[in-house]
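Values below: all heavy atoms of this structure, side chains included; hydrogens, waters and symmetry mates excluded. Numbers for residues simply follow the sequence, beginning at 1.
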Amino acid sequence: MGVVARKYGSFNVRVSEIVRKGLEKLEYRGYDSVGIATICEGGIVVRKGKGKISEVNRRVRLDEIAGLTAIGHTRWATHGAPSDINAHPHTDCKGRVAIVHNGIIQNYLELKKMLKEKGHVFRSETDSEVLAHLIEENLDEGSDAFTAFKKALEKIKGSYAFGVVIRDEPDKIFFARKDSPLVIGIGKNMNFIASDIPAFLDYTRTIIIVYDGERGYITASTIYLEDENGRAVEIEKRIRKVDWTPDMAKKEGYPHFMIKEIHEQPRALRETLLGLDESISEAIDLILNANRVYFIAAGTSYHACLVGDYMLNTLAGIPPITLIASEYKKYKKSVRDGDVVIAVSQSGETIDTLMAIRVFKKNGAKIVSISNIVDSAIPRESDYTIYTRAGPEIGVAATKTFTTQLLVLSWLAVSVAERLGTLKGQEVRKLKKSLSETPSIVSDVLTRYEGFAKKLGEELALSKNVFYLGRGIGVPIAMEGALKLKEISYIHAEAYPAGESKHGPIALVEPGFPVVFLVFDDEWKKHMLGNIEEMKARGAYTIGIIPEESGTIEERLDKSIKMPRINPYASAIAYIIPLQLFAYYAAVAKGYDPDKPRNLAKTVTVE
């Protein structure tokens, strides 16, 4: 967040206090540290620290920083552990520049190396700090402040929403956006930038949404915005009024966090992709040298592990042992030196998984963890960690963290197969290209099918039981779809391999019984047609998530959602989207709050 005011006392509070209160309005997004920088008496003052905003404010007195130009930030760690020094804002060597950043700078290592060779001194472990030094470099070469900022942006690869103050032009806050949200607030005698509208909603409801590639600056009375080609934007055409309640604003207009987070999946997948190449190679080495590979997780993360299990088996010929974390004691005597455990936990604090890795590590296994929370317990106790970059997930029902876990596990399996030679060059390129396309494919599925999925979800809300059937990679996706439905709508939902129907479950099917089929464009497709016929013969209400151009399969279904053509291994990420929507709209239709399902907690910390 950033604020520029014309004079002190316009609202009977300091600008730094306005920023601090604005950051508190964004606390729902999750964070681990906070900081504010102002331009004051010709210099830049920075106060920051690890912890909650209220704690840091008591400790370093954020509210008492003088100055009329201020930027502030709540950090959710991705590069470098949560700490005072890694908290934003970050400054250059000479204290002329301070920056705050949301997003990921993909090429920060090479930029940092280049800047260090030129004598720049870095204080933090973050990717963000490179921007401050890049601007400093340009200022030293004689560029004015805005030009120095824009030239620095040209070197940045990745996603970002930046707020920057530069001592040379103390009445301006510079900003830029690519893939991370950024909005301008137009106030009276003061203007704002923020990653979300609630930050300044107490002062103005007049806004301009900054588009991807745009950059500019605000003063207390003016706004300048230009596109990525340097052409000035006519801001009058972009001004909007919002009429949100504070609670609606926190959810960006969505009625629940769960549906907001379902829609955040394209961004979450894109950010996770950006961080993969630099972080995955050591995990590949450990798997390639392992005697045995174990997958350990609970709940939704366990279903992600089953997808990883399927891909390691079928692509690399490695048969992992995949277990629900709470059942780890079955294996405690068989795990030994040379084994590798891949532990998956959204929070990094799941107690069953944590207890399992402690026992397995004691027996000599190496631990690779996959988590969404930097420096949480499981990553801290692991030999190596790969982070998903889904961002904070508020809704109890996991959505975007599941798809980012699938992306990491899929990329890992393909990379292992590539190194083993079980997957050849062109096949590897095609599959990784398909995985790289999942953000846009998920976005397309949301656009095309949310309305249809809503109607189907409302139909399912009238049911007492639902079956989810799949084969191959479709089995764990079916399991996750059933879990989503039962945990937030309280409808009994059961998933199993479609080939198992004849061995018992089909006895429950009667006319009108809903059965959801996950049909992938793979070797199991023709078998699934047989399973659909079995259910149709008993009067089931058949719903299919199927590939495009499925011909007879589509004809035999009562309702179907046709997924874009993509490699079946990558398509698992897209197939879960309609199932998440079914669950959400079924819960809403029944009058339940999908963000707070009964008896469930976001992070399970009791065995």
Novice: Quick check: do Arg75 and Asp32 have side-chain heavy atoms less than 4.5 Å from each other?
Specialist: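 In contact.
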
Novice: Which pair of heavy atoms, one from Ile545 and one from Pro578, lies closest together, and at what distance?
Specialist: CD1-CB, 3.9 Å

Novice: Got a donor-acceptor contact below 3.5 angstrom from the Asn107 side chain to the Ile156 backbone?
Specialist: no

Novice: Is Lys590 positioned over the aromatic face of Tyr490, cation under 6.0 angstrom from the ring centre and no more than 45 degrees off axis?
Specialist: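 Not satisfied by the 6.0 Å and 45° rule.
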
Novice: Quick one, Thr272 and Arg389 - any side-chain contact, counting heavy atoms below 4.5 Å?
Specialist: yes

Novice: Regarding Gln265 and Thr399, do their side chains bring together a donor and an acceptor under 3.5 Å, going by distance alone?
Specialist: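 Absent: no donor and acceptor within the cut-off.
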
Novice: Strictly distance-based, threshold 3.5 Å: is any side-chain N or O of Gln580 a donor or acceptor partner for the main-chain N or O of Ile262?
Specialist: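 No, Gln580 side chain to Ile262 backbone: no donor-acceptor pair under 3.5 Å.
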
Novice: In sequence, state the C-alpha distance, the side-chain angles, and the governing distance for Lys484 and Phe582, and then conclude on side-chain contact (heavy atoms from CB on, under 4.5 Å).
Specialist: CA-CA 9 Å; Lys484 281 288 139 309; Phe582 289 171; over 6 Å; no

Novice: With the side chain counted from C-beta on, respond yes when Lys330 and Leu323 share a heavy-atom pair under 4.5 Å apart, and no when they do not.
Specialist: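 Side chain of Lys330 against side chain of Leu323, heavy atoms only: no contact under 4.5 Å found.
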
Novice: Could you check whether Thr300 and Glu480, counting side-chain N and O atoms only, form a donor-acceptor pair closer than 3.5 Å?
Specialist: yes

Novice: Can we say Glu393 and Lys400 salt-bridge, meaning some charged N sits less than 4.0 Å from an Asp/Glu carboxylate O?
Specialist: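 A salt bridge is absent here (no side-chain N lies under 4.0 Å from a carboxylate O).
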
Novice: Run the numbers on Ile378 and Ser371 for side-chain contact (heavy atoms from CB on, under 4.5 Å), then give the verdict.
Specialist: CA-CA 8 Å; Ile378 291 170; Ser371 177; 5.9 Å; no

Novice: Would you tell me whether Ser369 and Ser382 have side-chain atoms, one donor and one acceptor, within less than 3.5 Å of each other?
Specialist: yes

Novice: For the side chain of Asp595 and the backbone of Met258, is there at least one donor-acceptor N/O pair under 3.5 Å apart?
Specialist: yes

Novice: Can you tell me how far the CG atom of Asp352 sits from the CD1 atom of Ile324, to the nearest 0.5 Å?
Specialist: 10.0 Å

Novice: State the CG-OG distance between Leu306 and Ser301, to the nearest 0.5 angstrom.
Specialist: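 Separation between the atoms: 11.0 Å.
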
Novice: Can you tell me how far the CG atom of Leu315 sits from the CG atom of Leu412, to the nearest 0.5 Å?
Specialist: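 Here the interatomic distance stands at 11.5 Å.
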
Novice: For residues His303 and Phe402, establish whether the separation of their ring centroids is below 6.0 Å.
Specialist: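 No.
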
Novice: Please report the interatomic distance CZ(Phe257) to CG(Asp593), rounded to the nearest 0.5 Å.
Specialist: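 Between Phe257 CZ and Asp593 CG, I get 10.5 Å after rounding to 0.5 Å.
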
Novice: Taking the side chain as everything from C-beta on, heavy atoms only, tell me whether Leu26 gets closer than 4.5 Å to Tyr31.
Specialist: no

Novice: Any non-hydrogen side-chain atom of His90 less than 4.5 Å from a side-chain atom of Lys48?
Specialist: yes

Novice: Can you name the nearest heavy-atom pair linking Val408 to Ile280, along with the distance?
Specialist: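 Residues Val408 and Ile280, closest heavy atoms: O-CD1, 4.2 Å.
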
Novice: Give me the one residue out of His73, His88, His101 that meets ring-ring contact (aromatic ring centres under 6.0 Å, His included) with Phe162.
Specialist: His101

Novice: Taking 4.0 angstrom as the limit, do Arg419 and Asp285 come out as a salt bridge?
Specialist: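 Asp285 and Arg419: salt-bridged.
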
Novice: Would you say Asp309 and Thr322 are linked by a side-chain donor-acceptor pair, where the criterion is simply a distance under 3.5 Å?
Specialist: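 Present: a donor and an acceptor within the cut-off.
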
Novice: Go through Asn86 and Thr126 one step at a time and tell me if the side-chain hydrogen bond (donor to acceptor under 3.5 Å, both in side chains) criterion holds.
Specialist: CA-CA 6 Å; Asn86 287 335; Thr126 68; 5.5 Å; no

Novice: Which atom names give the shortest non-hydrogen contact between Met311 and Ile473, and what distance separates them?
Specialist: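 For Met311 and Ile473, the tightest heavy-atom pair comes out as CG-CD1, 4.3 Å.
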
Novice: Assess whether a salt bridge exists between Asp212 and Arg177, defined as any Lys/Arg side-chain N lying under 4.0 Å from an Asp/Glu carboxylate O.
Specialist: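 The answer is yes: the pair qualifies as a salt bridge.
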
Novice: Can you give me the closest heavy-atom contact between Ile373 and Gln346, atom names plus distance?
Specialist: CG1-O, 3.5 Å

Novice: I'd like to check the side-chain hydrogen bond (donor to acceptor under 3.5 Å, both in side chains) partners of Tyr585; sequence neighbours left out, ordered by chain and number.
Specialist: Glu450

Novice: For Gly474 versus Phe520, what's the shortest heavy-atom pair and its separation?
Specialist: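 Looking at all heavy atoms of both residues, the closest pair is CA-CE1, 3.5 Å.
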
Novice: Could you tell me which non-hydrogen atom of Thr353 sits nearest to which non-hydrogen atom of Ala297, and how far apart they are?
Specialist: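 Reported closest heavy-atom pair: OG1-CA, 3.9 Å.
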
Novice: Do any pairs count as a ring pair (Phe, Tyr, Trp, His ring centres under 6.0 Å) and have a residue in residues 280-301, sequence neighbours left out, and if so which ones?
Specialist: Tyr294-Tyr331, Tyr294-Phe360

